[in-house]
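Working notes, structure below.
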Amino acid sequence: MATPRTAISPTREENYPEWYQQVIRAADLAENSPVRGCMVIKPWGYAIWENIQRSLDARFKATGHRNAYFPLFIPLSFLEKEAEHVEGFAKECAVVTHHRLIPGEHGGLVPDPDARLDEPLIVRPTSETIIGAMFAKWVQSYRDLPLLINQWANVVRWEMRTRIFLRTAEFLWQEGHTAHATADEAMAETMQMLDVYADFARTEMALPVLTGRKSPGERFPGAVETFCIEAMMQDRKALQAGTSHFLGQNFARASDIQFLDEHGQRVHAWTTSWGVSTRLIGGLIMAHADDDGLVLPPRLAPAHVVILPVAFKAENPQHVYDWCHALAADLRRVQYGGRPVEVEVDERDIRGGEKSWSWVRRGCPIRLEIGPRDIAQDAVFMGRRDRPASEKVAVPRAEFIDRVAGILEEIQSAIAQRALAFREEHTVRIDSAEDFRAFFTPPEAPDGAPTPIHGGFALAHWSGDAEVERRLNEDLGVTIRCIPPGGGDDEPGTCPFSGRPSPKRVVWAKSY
RNA sequence: CGGGGCGUAGCUCAGCUUGGUAGAGCGCCUGGUUUGGGACCAGGAGGCCGCAGGUUCGAAUCCUGUCGCCCCGACCA
């Protein structure tokens, strides 16, 4: 019975923001919590994060970095040390002012006025300053460099408007912090980590990303240069999925990170920082999920294969279960993406259709329905998440075990291709102000309805004029997402807005 | 932080205009019939109607305030 019904309602086309939230719920990834702006990441969602962590952490270690941990609290005076940094983060800091509660006059508990902290502490929005303070102690000589540190942590940014996974008041991330003897070395590190992110996104997340430099207006507060990976979501908006910053000597001066070089000169170190966050999960959802729920790239899926025993009418149900568990054991001996194939056997006592759909919604790459008929033929009945849910095929058991890693890689590659094709379809070169405006002007929508899906990535010339950038942001809500590396693949031209000469095209889009 | 919308059962929502004992569908529990696909029958559990004040004999309903969520904007990973 081919049901036109989708598992997620509304569909992407009908109401994209609402669809996004429904996918998160249907896939059991996370929920809003009683704490304003803060989410609870549920086991299925957290397992995806753990896979992201494992995969990135291996890449960080392979490039010589070591993990460490720095305090959640940062003395207020530390934040004040770097002028631009203050400006960037002061507006959204949670501040700790007391260290004790006492009974209040009207019941409940209140901060004890006698327990006020001499110096307030802020909850870290990022850790440049506290890590800088430690680097200042650890770096004495050029022989101590480079210093290559990463931290997995939570941070807090008191955002006005939150969206689960994409922008929450508290989020999980990693922040790499490094110190180097020369500018060149620090810049090389910045670019290396940008490449690590890009490779991770493409290889593990099946997420095509553009890399490039941020315009001055979009730079990290305090950075000399910010580089980013940018991905297109299915509503054609851009998501900044990771950033890598060349901090020059700004933070070294602020935190007094100095060393004696080989000539005995006392000089400031050159530092970098780079990070990705649980926002990546939001990107994963918006890039790959469909109207039936989440679609997970196999490399990051908490379970690669779910086995659904169909045992209700078997003469010997236990035989079906045993057969399924034996199959699971054999599958777990296969390696995929650097880890054993992960298999779940779903023995929940609910109807088969419902059980099957629950795994569709959660994005499990391969579903195997196995009943007496399959067992009699020594076969499995396979559904793939990159194909329609009704499209299922019988595969001999031995062949499936043989091919499972290859099928997973096919799925990985299929969703990467689909995402890439989508981005290319909605990326256009634009050479006139009128075309640009038309491209980014949404169709009419009824009152209260979300803005219909429109736009995409516009490749247009830009002379470097900040005023043009500011005005387009104001008029159309469009920003420069990144300035592609090198000369780009384009000849110099003319900015369609100012008429000034432009060295190359930059990527414009609406963004999250 | 500005504009708009919404908070009633786990979920989706009705009831509110015109105040008078809290509703539906789905989900959940029990029993039965079912089962290669998002079942059916019967019975059942579950709500201080976001929270706090006010008006009233009486408030889910009217008024004020507040908190939260969603959309659009400004700001940001």
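Letters go in sequence order (proteins before strands), and every chain restarts at 1.
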At a cut-off of 3.5 Å, list every protein nitrogen or oxygen paired with a nitrogen or oxygen from nucleotides 66-69 of chain B, distance to 0.1 Å.
unit_1	atom_1	unit_2	atom_2	d
B:C69	OP1	A:G37	N	3.0

A:R25 side chain near B:U12 phosphate (N/O to OP1/OP2, under 4.0 Å): yes
Contact under 4.0 Å: A:N473 side-chain N or O vs B:C75 OP1/OP2: yes
Whole-angstrom distance between B:C48 and B:G43, as gauged at atom P: 26 Å
Inter-nucleotide C1' distance (B:U18, B:G44), Å rounded: 36 Å
From C-beta outward on [X], which listed nucleotide comes closest to its side chain: [options]?
X	options	value
A:D292	B:G38, B:A74, B:A77	B:G38
A:D374	B:A77, B:G36, B:C71	B:G36
A:P221	B:A77, B:G38, B:C72	B:A77
A:R163	B:C75, B:C72, B:A74	B:C72
A:M160	B:C72, B:C1, B:G38	B:C1

Please report, rounded to the nearest Å, how far the [atom2] atom of [N] is from the [atom1] atom of [X].
X	N	atom1	atom2	value
A:D235	B:C72	CG	P	9 Å
A:R219	B:A77	CZ	P	13 Å
A:D291	B:G38	CG	C1'	16 Å
A:D349	B:G31	CG	P	11 Å

Pairwise side chain to side chain donor-acceptor pair (under 3.5 Å) hits with a residue in residues 47-58 of chain A, at least two apart: A:N51-A:R54, A:S55-A:R59, A:D57-A:K61, A:D57-A:N67, A:D57-A:W152
Inter- and intrachain pairs under side chain to side chain donor-acceptor pair (under 3.5 Å), touching residues 78-95 of chain A, at least two apart: none
Side-chain donor/acceptor pairs under 3.5 Å, residues 207-218 of chain A, sequence neighbours excluded:
unit_1	atom_1	unit_2	atom_2	d
A:K214	NZ	A:E230	OE2	2.7
A:K214	NZ	A:Q240	OE1	3.1
A:K214	NZ	A:R481	O	2.7
A:S215	OG	A:E469	OE2	2.4
A:E218	OE1	A:R481	NH1	3.4

For [N], which nucleotide in any strand shown is its Watson-Crick or wobble partner with both distances under 3.5 Å?
N	answer
B:U55	none
B:U33	B:A39
B:C69	B:G5

Qualifying residue for salt bridge (charged side-chain N to carboxylate O under 4.0 Å, His left out) with A:D290, from A:R12, A:R387, A:R385, A:R361: A:R385
Any residue meeting side-chain hydrogen bond (donor to acceptor under 3.5 Å, both in side chains) with A:H325, in chain and number order, not counting sequence neighbours: A:E347
Partners passing side-chain hydrogen bond (donor to acceptor under 3.5 Å, both in side chains) against A:T129 (at least two apart in sequence or in another chain): none
Residues forming a side chain to side chain contact (heavy atoms under 4.5 Å, CB included) with A:P43, sequence neighbours excluded: none
Set of side chain to side chain contact (heavy atoms under 4.5 Å, CB included) partners for A:A27, sequence neighbours left out: A:L29, A:L294
A:F381 six-ring face occupied by A:K392 cation (under 6.0 Å, within 45°): no
Restricting both atoms to N or O, compile the protein contacts to nucleotides 39-42 of chain B shorter than 3.5 Å, with distance only.
unit_1	atom_1	unit_2	atom_2	d
B:A39	OP2	A:R351	NE	3.0

